[in-house]
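Below is one structure, written out as structure tokens; the observations come after it.
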Amino acid sequence: MSKYSALAANDCRRIGKDPVLMAAVFGPVAVTVFARFVFPLLSDSMESRFAFRLADYAGFAVVFLQLIVPLLPGMMAGLLILDERDEHLIGYYAVTPLTRKGYLIYRLFLPSLLCLALFVLFFAGSGIAAAQFENVYTIALLGLEAPCFALFLAAYAANKVEGLALSKVSGLLFAGPVIAYFAPARWQLFGAWIPTYWPARCYLSGLAGEHPAALGCFAAGFLFHAVLLCAMMRAFMRRID
């Protein structure tokens, strides 16, 4: 464990010096605070002024806001990988006891572990997330989003500047929850190619009491994310070989 603790200590120092990386850690906490305190006030204000109950769309707010949780740690991990690739540290790690495999396990496991803690915080503290068994499925799928996004940045960005620019693509991923919540049933398949569609659909199916459908969405989403993760890994390995 000492080989990982040294790397973790170095990550903490780097995150403390970089505002972008700090935002990736504390941003999901801010999302939970927003859901807990700002969302109810905003809903009451809109109801009194425009007779529009924002609270009726709490399900959509959950699937939309929870998406921010894996994307920010995923971006952080991707930018750290780009930094280390530019500094030729990955090749150095490959000949140390850490090994390249150990390095990649650490880099991909860390954002997933961070997401797990942040999701527990979100579902327990947001005040708008329904308590249901399908939350376990949703958290599992969203936990896979972080390493996928990290590998996407590491595989297709030439450097950290390009990584920051490429991270803007994450905005397209918010289409998944939008389709899952608003699109008619016959148009739902258009969201199937978007990774974020599956955890959103899984949560909403559980919210509607459609437990077999939630389990099916989890199975399909897990398979889709596994294929995506393998594809991103191959693309990244070609980049560093």
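Residue numbers start at 1 and run along the sequence shown. Just the heavy atoms: all of them, side chains too, but no hydrogens, waters or symmetry mates, feed the values below. For clarity, every value in this text was computed on a predicted model and none was experimentally measured.
Residue Leu172 is grouped with residue Ile68 when hydrophobic side chains (ILVMFWY) are merged at heavy-atom distances under 4.5 angstrom, including chains of intermediate members. One hydrophobic cluster, built from ILVMFWY side chains closer than 4.5 Å, holds both Val169 and Phe236. Hydrophobic clustering (side-chain heavy atoms under 4.5 Å, transitive across Ile, Leu, Val, Met, Phe, Trp, Tyr) groups Met75 together with Phe26. Note on Leu113 and Tyr106: separate hydrophobic clusters, where clusters join Ile, Leu, Val, Met, Phe, Trp and Tyr whose side-chain heavy atoms are under 4.5 Å apart, directly or indirectly. Under the 4.5 Å side-chain heavy-atom criterion for grouping Ile, Leu, Val, Met, Phe, Trp and Tyr, Met237 is connected to Tyr93 within one hydrophobic cluster.
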> Between Asp11 and Leu110, does a side-chain contact (heavy atoms from CB on, under 4.5 Å) hold up when you go through it step by step?
Replying inline: CA-CA 11 Å; Asp11 285 348; Leu110 179 64; 4.1 Å; yes
> Val25 and Ile15: side-chain contact (heavy atoms from CB on, under 4.5 Å), yes or no, with the steps?
Replying inline: CA-CA 9 Å; Val25 175; Ile15 292 172; 4.2 Å; yes
>> For a side-chain contact (heavy atoms from CB on, under 4.5 Å) check, start with the C-alpha distance between Leu153 and Ile81, then their side-chain angles and the critical distance, and finish with the verdict.
In response: CA-CA 9 Å; Leu153 295 181; Ile81 293 174; over 6 Å; no
>> What verdict does the side-chain contact (heavy atoms from CB on, under 4.5 Å) test give for Phe37 and Leu41, after you've listed the backbone C-alpha separation in whole Å, the side-chain angles of each residue and the deciding distance to 0.1 Å?
In response: CA-CA 7 Å; Phe37 299 105; Leu41 295 176; 5.6 Å; no
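A donor-acceptor pair under 3.5 Å is absent between the side-chain atoms of Ser126 and the main chain of Ala35, judged by distance alone. Judged purely by atom type and a 3.5 angstrom limit, Ser167 uses its side chain to pair as donor or acceptor with the backbone of Leu164. A donor-acceptor pair is defined here as one N or O able to donate and one able to accept, closer than 3.5 Å; no such pair exists between the side chain of Ser43 and the backbone of Pro40.
Taking Asp86 as the reference, Asn159 meet the side chain to side chain contact (heavy atoms under 4.5 Å, CB included) condition, with sequence neighbours excluded. Remark: Tyr156 engages Phe152 in a ring pair (Phe, Tyr, Trp, His ring centres under 6.0 Å) (not counting sequence neighbours). Here Arg85 pairs with nothing under the salt bridge (Lys or Arg N to Asp or Glu O under 4.0 Å) rule; sequence neighbours left out. Residues passing the side chain to side chain contact (heavy atoms under 4.5 Å, CB included) test with Pro111 are Pro73, Ala77, Ala146, sequence neighbours excluded. Residues meeting the side chain to side chain contact (heavy atoms under 4.5 Å, CB included) test with Val38, sequence neighbours left out: Phe34.
In this structure, Leu142 and Ile139 have side chains that are not in contact, with every pair of non-hydrogen atoms separated by 4.5 Å or more. Side-chain contact between Leu65 and Phe39 is absent, with no heavy atoms from C-beta onward closer than 4.5 Å.
What you find for Ile194 and Ala175 is that their closest heavy atoms are CD1-CB, 4.0 Å. The two residues Pro28 and Leu72 have their closest heavy-atom pair at CD-CD1, 3.6 Å. Between Ile128 and Val62, the closest heavy-atom pair is O-CG2, 3.5 Å. The two residues Thr196 and Pro177 make their nearest non-hydrogen contact at OG1-CD, 3.8 Å. Nearest heavy atoms, Ser170 versus Leu71: CB-CD1, 4.0 Å. Nearest heavy-atom pair across Phe218 and Cys202 is CB-SG, 4.3 Å.
Sorted by first then second residue, the ring-ring contact (aromatic ring centres under 6.0 Å, His included) pairs that include residues 109-130, not counting sequence neighbours, number zero. Listed by first and then second residue, the salt bridge (Lys or Arg N to Asp or Glu O under 4.0 Å) pairs that reach into residues 31-55 are Glu47-Arg53, Arg53-Asp56, sequence neighbours excluded. Screening residues 160-171 for salt bridge (Lys or Arg N to Asp or Glu O under 4.0 Å), with sequence neighbours left out, gives Asp18-Lys160, Asp83-Lys160. Among residue pairs with one or both ends in residues 42-86, those qualifying as ring-ring contact (aromatic ring centres under 6.0 Å, His included) are Phe52-Tyr57, Phe60-Phe64, Phe60-Tyr181, Phe60-Phe182, Phe64-Phe174; sequence neighbours excluded.
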Atom pairs and distances, side-chain donor-acceptor, residues 220-232, under 3.5 Å, sequence neighbours left out:
unit_1: His225; atom_1: ND1; unit_2: Gly221; atom_2: O; d: 2.7
unit_1: His225; atom_1: NE2; unit_2: Glu145; atom_2: OE2; d: 2.6

Can you give each donor-acceptor pair under 3.5 Å made by side-chain atoms of residues 205-215, sequence neighbours left out, with the distance rounded to 0.1 Å?
unit_1: Ser205; atom_1: OG; unit_2: Arg201; atom_2: O; d: 2.8
unit_1: Ser205; atom_1: OG; unit_2: Arg201; atom_2: NE; d: 3.4
unit_1: His211; atom_1: ND1; unit_2: Glu134; atom_2: OE2; d: 2.7

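A distance of 11.5 Å separates OH in Tyr103 from OG1 in Thr96, rounded to the nearest 0.5 Å. A distance of 5.0 Å separates CG of Leu80 from CZ of Arg14, quoted to the nearest 0.5 Å. Distance CE/Met233 to CG/Leu104: 5.0 Å, rounded to 0.5 Å.
Side-chain contact check for Gln132 and Tyr203: no donor-acceptor pair (N or O, by modelled atom type) lies under 3.5 Å.
Residues Trp187 make up the rest of the hydrophobic cluster containing Phe190, defined by ILVMFWY side-chain heavy atoms closer than 4.5 Å, directly or through other members.
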